[in-house]
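Both ligands and their constituent atoms are indexed starting at 1 by order of listing. Side chains included, hydrogens not; waters and symmetry mates left out as well; all remaining heavy atoms used.
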Amino acid sequence: MNREYVFGSYRSRLVVTRSLPDAEAVGHRNNGAKTLFVCDANTESIARAIAGDSGAALVVLPPGEGAKGWNSVEAILAAALKASLARDGLFVGVGGGVVTDLTAFAASVYMRGARLSLVPTTLLAMADAAIGGKTGFDLYGLKNLVGTFRPADSVHLPTDALSTLPAREWLSGFAEVIKTAILGDESLLDTIESNVEAFVSGPAHPLAAELLPDLVSRCAAVKARIVEADPTETGVERALLNLGHTFGHALESSAGLGRLTHGEAVAWGIARSCELGRSLAITPPERAERILRILTAYGYSTSPRHPAGSSADAIVAAMANDKKKKAGALRFIVPLESGATIVKVEEKAIRVLLKESSIE
Ligand SMILES: NC(=O)c1ccc[n+]([C@@H]2O[C@H](COP(=O)([O-])OP(=O)(O)OC[C@H]3O[C@@H](n4cnc5c(N)ncnc54)[C@H](O)[C@@H]3O)[C@@H](O)[C@H]2O)c1
């Protein structure tokens, strides 16, 4: 894949390859404009391999969500200043969604906006985080409290970078891949369904490695199409990407942040969304059952009573903090025969749904 998308007033080129790009490919110029690579301790070797002998500066952040705060933003801005980046300077974020969100935020505010390329290195960041321009960092204990919309000028998705990803992170990303297929690519859902063994084995499995560039391209294309239709989430299209997330975020925070991966929580949330859609006679039963079968095959816990063990009351209480709550009603995305739709549901109805599912 090598295709340009238009996200509002930005043009963003998405390039899927197997091997890593070089510095020139990600936008480094040999004309005096400076480049800063941003990575974390687990992606430093990938960033150094891309930077090569370009002379670009490099800043290494601590890994993980705990580092997605103002301190890291300041470290990136300080490194940019030290490396003498001007407005024609280039920020290159190499890492998972934490690094790509932080780098994109820093690039969007540095001197009122510098150039930006992203090289996502987790499946989640390739399928979702690095595409579409949402930047941000966590503040006061709230995820992504501060952020901007700034799509990268180019996003490079080299599937070889996934070879070092820990197994749990790989599977966590797969929940977003399944979500993306449900939303916008039926033939991707078929591929996911018929290659369970290869994909569950990980990116080194020969068949998974062969299928990966197409899988990543399809996910990127679905996300890009949705963002093109609704770049700043003022309409309904972009909100569909939250399939499974209202339930998932609530489970994640009520279970204690860090206990479940994002993907494990989202997969459980997709299962609950299927149940909600079925109870409202919106999701056809066969569709809901197929999605549940796929999630189970990929090893996710889909049973109403999640092993992380939060009560229905705790989960509903955690939803009250969800920023997607509007005018007293919670918004949920539920699957349709093809694609998904938004429903507004009162808290008490969700409480009943979770209790009837005997979650307690
Ligand atoms: N901007 C968006 O639209 C959007 C969408 C979804 C998620 N996100 C954000 O993405 C973040 C989650 O992203 P994530 O799951 O990629 O987490 P992450 O960035 O924390 O990466 C997960 C772990 O994998 C390590 N890692 C990354 N690439 C590796 C590689 N190739 N080999 C070995 N280790 C590697 C990281 O160092 C980290 O320890 C959250 O902060 C979330 O808010 C943003």
Side-chain angles (χ1 to χ4, degrees), residues 7 12 20 38-50 60-69 72-73 93-105 107-108 116 118-139 142-152 155-177 179-180 202-204 212 216 219-220 222-224 226-227 230-233 238-245 248-249 252-253 257-258 260-266 323:
F7 301 143
S12 193
L20 296 181
V38 183
C39 58
D40 70 21
N42 295 326
T43 60
E44 181 176 351
S45 57
I46 302 174
R48 287 196 184 280
I50 298 170
V60 184
L61 306 172
E65 187 72 29
K68 197 178 173 185
S72 292
V73 175
V94 182
V98 168
V99 167
T100 56
D101 275 12
L102 284 166
T103 309
F105 177 78
S108 75
L116 171 68
L118 295 175
V119 186
T121 61
T122 63
L123 189 56
L124 183 142
M126 287 189 184
D128 193 354
I131 297 163
K134 280 192 181 175
T135 84
F137 66 95
D138 308 338
L139 192 66
L142 294 173
K143 261 187 80 122
N144 302 322
L145 180 70
V146 182
T148 54
F149 282 101
R150 187 357 176 153
V155 185
H156 304 263
L157 307 120
T159 55
D160 285 354
L162 298 170
S163 63
T164 51
L165 201 60
R168 203 171 170 206
E169 294 298 341
W170 162 259
L171 273 181
S172 176
F174 238 94
E176 298 287 0
V177 171
K179 176 201 81 176
T180 307
L212 254 179
V216 166
C219 287
V222 171
K223 169 113 192 226
I226 290 173
V227 176
D230 184 16
T232 52
E233 203 171 324
R238 196 163 180 161
L240 298 179
L241 292 164
N242 289 321
L243 173 64
H245 283 63
H249 284 155
E252 219 173 348
S253 52
L257 279 181
L260 294 167
T261 65
H262 183 65
E264 287 160 358
V266 166
K323 62 189 172 196

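- With hydrogens left out, the protein atom closest to atom 16 (O) of ligand 1 is Thr122 OG1, 2.7 Å, a heavy atom.
- How far NZ of Lys179 is from CG of Asp128: 4.0 Å, rounded to the nearest 0.5 Å.
- Near Asp128, meaning under 4.0 Å from any of its heavy atoms, are these atoms of ligand 1: 5 (C), 6 (C).
- To the nearest 0.5 angstrom, Glu233 atom CD is 6.0 Å from Asn242 atom CG.
- Ala239 approaches Asp230 most closely through the heavy-atom pair N-OD2, 4.4 Å.
- No part of Ile131 comes within 4.0 Å of ligand 1, judged by heavy-atom distances.
- Of the heavy atoms in Pro166, only side-chain atoms (C-beta onward) come closer than 4.0 Å to ligand 1.
- Among all heavy-atom pairs drawn from Pro120 and Pro158, the shortest one is O-CD, 4.0 Å.
- Atoms of ligand 1 found under 4.0 Å from any heavy atom of Pro63 (numbered from 1 in listed order, with element): 37 (O), 39 (O).
- In this pair, Phe105 and Phe137 present their aromatic rings perpendicular. The plane angle is above 60°, beyond the 30 to 60° band.
- Residues Leu165 and Thr121 form no side-chain contact, since every pair of their non-hydrogen atoms from C-beta on lies 4.5 Å or further apart.
- Set against the non-hydrogen atoms of Asp40, the atoms of ligand 1 under 4.0 Å away are 36 (C), 37 (O).
- At a heavy-atom distance under 4.0 Å, only side-chain atoms of Glu169, from C-beta outward, approach ligand 1.
- Residue-to-ligand polar distances place Thr121 within reach of ligand 1: an N/O pair is separated by less than 3.5 Å.
- Protein heavy atom at the shortest distance from atom 12 (C) of ligand 1 is Leu124 CD2, 3.9 Å.
- Close approach of ligand 1 to Glu65 (heavy-atom distance below 4.0 Å) involves ligand atoms 40 (C), 41 (O).
- Contact analysis puts Lys68 in contact with ligand 1, with a non-hydrogen atom separation below 4.0 angstrom.
- The side chain of Asp101, and not its backbone, has at least one atom closer than 4.0 Å to an atom of ligand 1 (non-hydrogen atoms only; side chain from C-beta on).
- The distance from atom CG of Asp101 to atom OG of Ser72, rounded to the nearest 0.5 Å, is 12.0 Å.
- Remark: distances from the non-hydrogen atoms of Leu241 to ligand 1 are all 4.0 Å or more.
- Expressed to the nearest 0.5 Å, how far CD of Glu65 lies from CG of Asp138 amounts to 4.5 Å.
- If you number the atoms of ligand 1 from 1 as listed, the ones under 4.0 Å from a heavy atom of Lys223 come out as 3 (O).
- An N or O contact shorter than 3.5 Å links Gly97 to ligand 1 by distance.
- Of all the atoms in ligand 1, the ones that sit under 4.0 Å from a non-hydrogen atom of Thr43 are 27 (C), 28 (N), 29 (C).
- In terms of heavy-atom proximity, Thr100 sits nearest to Ala129 at OG1-CB, 4.3 Å.
- Summarising the geometry, atom CD1 belonging to Ile131 is positioned 8.5 Å from atom SG belonging to Cys219; distances are rounded to the nearest 0.5 Å.
- The protein non-hydrogen atom at the shortest distance from atom 29 (C) of ligand 1 is Leu165 CD1, 3.5 Å.
- Checked against a 3.5 angstrom limit, the closest N/O atoms of Gly64 and ligand 1 fall outside it.
- The backbone N or O of Gly147 sits nowhere less than 3.5 Å from a side-chain atom of Thr135 that would complete a donor-acceptor pair.
- Those atoms of ligand 1 that come under 4.0 Å of a heavy atom in Asn42, given as number and element, are 25 (C), 34 (N), 36 (C), 37 (O), 39 (O).
- How far OG1 of Thr122 is from CH2 of Trp170: 11.0 Å, rounded to the nearest 0.5 Å.
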(message) As a quick check of understanding, evaluate side-chain contact (heavy atoms from CB on, under 4.5 Å) for Val38 and Leu102, giving each step before the final call.
(response) CA-CA 9 Å; Val38 183; Leu102 284 166; 5.9 Å; no
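- With hydrogens left out, the protein atom closest to atom 30 (C) of ligand 1 is Thr164 OG1, 3.5 Å, a heavy atom.
- Here is the list of ligand 1 atoms found below 4.0 Å of a heavy atom in Ile46: 31 (N).
- Residue-to-ligand polar distances place Val98 within reach of ligand 1: an N/O pair is separated by less than 3.5 Å.
- Of the protein's heavy atoms, Ala161 O, 2.9 Å lies nearest to atom 31 (N) of ligand 1.
- Among all protein heavy atoms, the one lying closest to atom 5 (C) of ligand 1 is Ala129 CA, 3.5 Å.
- Looking only at atom types and distance, the side chain of Glu176 has a donor-acceptor partner in the side chain of His245 under 3.5 Å away.
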